[in-house]
Protein chains: 2
Amino acid sequence: MEEKMKLLQEQEELCTEHPHHSGLILEEMQEKMPSSVELERTAELFKVLGDPTRMQILTALFTQELCVCDISDLLGMSQSAISHQLRLLRNSRLVKNRREGKSIYYSLDDTHVATIIAQGLEHIRHGNL
Amino acid sequence: MEEKMKLLQEQEELCTEHPHHSGLILEEMQEKMPSSVELERTAELFKVLGDPTRMQILTALFTQELCVCDISDLLGMSQSAISHQLRLLRNSRLVKNRREGKSIYYSLDDTHVATIIAQGLEHIRHGNL
DNA sequence: GGAACATATGAGCAATCGTTCATATGAAAA
DNA sequence: TTTTCATATGAACGATTGCTCATATGTTCC
């Protein structure tokens, strides 16, 4: 534990001897960067988008409102699997739902999401990854 | 195995009895959706963005080029951990590197990435998640 | 050449994830 | 009220993830 701290300290001293590596610059950078809370939440958002099943669900909802069994049919996956994923999407406020009789209909909750996904798709289509 | 297929089949038949649930519509939707390959790659991209450490690295590089030990110092994490994450970012073509003496300097490889991250941050800042 | 430094990489391990299976909830139909 | 259909949820399991530790690679300075 203490050894680890000491090692890090040594490493920092060594590294700050580089011409452009003063402690001040590092501190400045930390200030310029988005707050760690914001970064964590953004990472959380991307993590939710970072699964093929959830991406399929979202792009399906991009077109129109769908109930759980629709999505289940469309993706050829079990109702339970879809339901679990929808809960994650709901918790991240990416989708909302409405009840109609026995069925529950899901739709996109936010316009930004479609934009972000479109941007991701474009990035992919332009040769990267 | 066969039972599972049968169950899915039954479920599909039941669900397609809803007024708007014809097999045709499902097929149309599948055609409209981005190809599953594209979706998988996009999910892969978001998965890489979906980790706080990697997000911190990328936002740090947003400002300027940095060598590994800079990033290591800035985030207060081990050189090895950073190096492993940089490999992922490299494989996804999100960062590129250049050697200068003993050090290796990393920078953003793509302009889209900054846009996507900015959009994610905006989504977060506007109350969601 | 060898020592010192900067980075990369492989194995290993705890933690997290995405699914399945069984079951619970809740609304409609009989 | 009982049955049936649509969805939700908890436990459990294998797969993946992100780190650490030890070590390898590659560069510079002596």
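Here is the naming used below: chain letters follow the sequence lines, and residue numbers restart at 1 for every chain. Source: prediction; values computed, not measured.
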Closest to the B:S83 side chain, choosing from D:dA22, D:dT9, C:dT7: C:dT7
Stretch residues 51-60 of chain A: residues that reach within less than 4.0 Å of DNA chain D through a heavy atom: none
Under 3.5 Å: donor-acceptor pair, side chain of A:T59, backbone of A:Q56: yes
With respect to the phosphate group of D:dC19, does any side-chain polar atom (N or O) of B:Q85 fall under 4.0 Å of OP1 or OP2? yes
With no hydrogens and no angle check, is any side-chain donor or acceptor of B:R99 less than 3.5 Å from a backbone partner on B:I104? no
Winner on side-chain proximity to B:I104, out of D:dC19, C:dA27, C:dT7, is C:dT7
Rounded distance in Å - CD (A:E40) to P (D:dG18): 14 Å
Can you measure A:R90 atom CZ to D:dA8 atom C1' for me and round it to whole angstrom units? 8 Å
Relative to each other, are the rings of A:F46 and B:F46 parallel, tilted or perpendicular (30° and 60° limits)? parallel
Is the side chain of A:S72 donor-acceptor paired with the backbone N or O of A:M77 at a distance under 3.5 Å, no angle test? yes
Check whether any side-chain heavy atom of B:L49 sits under 4.5 Å from a side-chain heavy atom of B:L94, and report yes or no. yes
Check whether any side-chain heavy atom of B:D70 lies under 4.5 Å from a side-chain heavy atom of B:C67, and answer yes or no. yes
Can you tell which of D:dT20, C:dT9, C:dT7 lies closest to the side chain of B:R87? C:dT9
In the single-linkage hydrophobic clustering (I, L, V, M, F, W, Y; side-chain heavy atoms under 4.5 Å), do A:I116 and B:F62 co-cluster? yes
May I ask you to verify if any side-chain N or O of A:S78 is less than 4.0 angstrom from the OP1 or OP2 atom of C:dT20? yes
Which residue, A:E100 or A:K47, contacts DNA chain C at a nucleotide closer to its 5' end, judged by nearest heavy atom? A:K47
Would you call B:H84 stacked on D:dC19, i.e. ring centres under 5.5 Å apart with the planes less than 30° off parallel? no
If you check every side-chain atom of A:S80, which of C:dT20, D:dT20, C:dT19 has the closest atom? C:dT20
Quick note, B:L88 side chain, CB onward, closest among C:dA8, D:dG26, D:dG18 is D:dG18
How many Å lie between CG on A:L75 and C1' on C:dG18, as a whole number? 14 Å
Can you check whether any acceptor in the base of D:dA6 is under 3.5 Å from a donor in the side chain of A:Q79, or vice versa? no
Taking only the side-chain nitrogens and oxygens of A:Y106, find out if one of them lies under 4.0 Å from OP1 or OP2 of D:dA8. yes
Atom CD1 of B:I82 to atom P of C:dT7: distance rounded to whole Å? 11 Å
Between P of D:dT9 and CG of A:N97, the distance in whole Å: 10 Å
Ranking D:dT28, C:dA27, C:dT7 by distance to the side chain of B:K102, first place goes to D:dT28
Checking side-chain hydrogen bond (donor to acceptor under 3.5 Å, both in side chains) for the pair A:Y106/A:R90: CA distance, chi angles, key distance, verdict? CA-CA 9 Å; A:Y106 280 83; A:R90 232 186 305 130; 3.3 Å; yes
Let me know the distance between CD of A:E44 and P of D:dT17, rounded to the nearest Å. 16 Å
